[in-house]
Each structure stands twice: as structure tokens, then as C-alpha cells.
Trainee: 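If you scroll down you'll find the structure; I have some questions about it.
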Amino acid sequence: MEHTFRVIGGMPSRHLVILTPGGFEDFFADMAAGNFQIPQDMDRIAESAGRHHLRFTGPPLGND
């Protein structure tokens, strides 16, 4: 299901994600290990996402 998250405040966001079946958490481990940032590292993020069967759809969120 397509969805998105957006932080609308001035503080970093924290949330709990529960995924089944297991294994997808490795994508988040890749993001942390690579210290990736959006939008600067989107090519590397998309590469990791592909390894974990994730694809991004639609335009990126703006800063509006």
C-alpha cells in the first residue's frame, strides 16, 4: 500500500514500525549504517531499497 510520513514539527520524528514477514528491517539498518540523507543520497537509498524489494512511487515530498 502506498503511503508516506512527514515530520511537520521542528523536532526529529520517532516512530515504531512493525513489519511482517521479517527481513525488511535490514533496509533501515542500511540507512543508519550509511548515514543517508534525503534528498542528497536518494540514488544510494533507492539502491538499498531495491535490495529489500521496496520501490518509491510518486514525486518526493516538498518542503511546503
Side-chain angles (χ1 to χ4, degrees):
M1 164 120 358
E2 291 180 306
H3 65 280
T4 188
F5 297 99
R6 176 180 271 187
V7 178
I8 59 172
M11 301 291 292
S13 171
R14 292 178 59 131
H15 58 274
L16 174 65
V17 178
I18 300 172
L19 303 164
T20 60
F24 185 70
E25 65 275 7
D26 292 337
F27 170 73
F28 297 107
D30 282 357
M31 297 302 97
N35 198 29
F36 297 137
Q37 296 183 16
I38 298 171
Q40 303 92 308
D41 298 316
M42 279 309 296
D43 289 344
R44 292 170 47 199
I45 292 169
E47 181 182 313
S48 173
R51 288 193 303 271
H52 301 290
H53 310 287
L54 170 69
R55 66 185 174 94
F56 298 107
T57 61
L61 294 174
N63 292 327
D64 51 350

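FYI, side chains are in, hydrogens and waters are out, and symmetry mates aren't considered; it's all heavy atoms of this structure.
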Trainee: Distance from Glu47 atom CD to His52 atom NE2, nearest 0.5 Å?
Mentor: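 The NE2 atom of His52 is 10.0 Å from CD of Glu47, to the nearest 0.5 Å.
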Trainee: Would you please name every residue forming a ring-ring contact (aromatic ring centres under 6.0 Å, His included) with Phe24, sequence neighbours left out?
Mentor: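 ring-ring contact (aromatic ring centres under 6.0 Å, His included) list for Phe24, sorted by chain: Phe27, Phe28.
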Trainee: How would you list all residue pairs meeting salt bridge (charged side-chain N to carboxylate O under 4.0 Å, His left out) that involve residues 14-42, not counting sequence neighbours?
Mentor: Asp30-Arg51, Asp41-Arg44
Trainee: Show the nearest heavy-atom pair for residues Phe56 and Ala46, with the distance to one decimal.
Mentor: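 Closest pair (atom of Phe56, atom of Ala46, distance): CE1-CA, 4.0 Å.
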Trainee: Using the test side chain to side chain contact (heavy atoms under 4.5 Å, CB included), find all partners of His53 that sit at least two apart in sequence or belong to another chain.
Mentor: none
Trainee: Suppose clustering is done on Ile, Leu, Val, Met, Phe, Trp and Tyr with side-chain heavy atoms closer than 4.5 Å. Which residues sit in the same group as Ile18?
Mentor: Leu16
Trainee: Under the rule for side chain to side chain contact (heavy atoms under 4.5 Å, CB included), what residues qualify as partners of Ile8, not counting sequence neighbours?
Mentor: Arg6
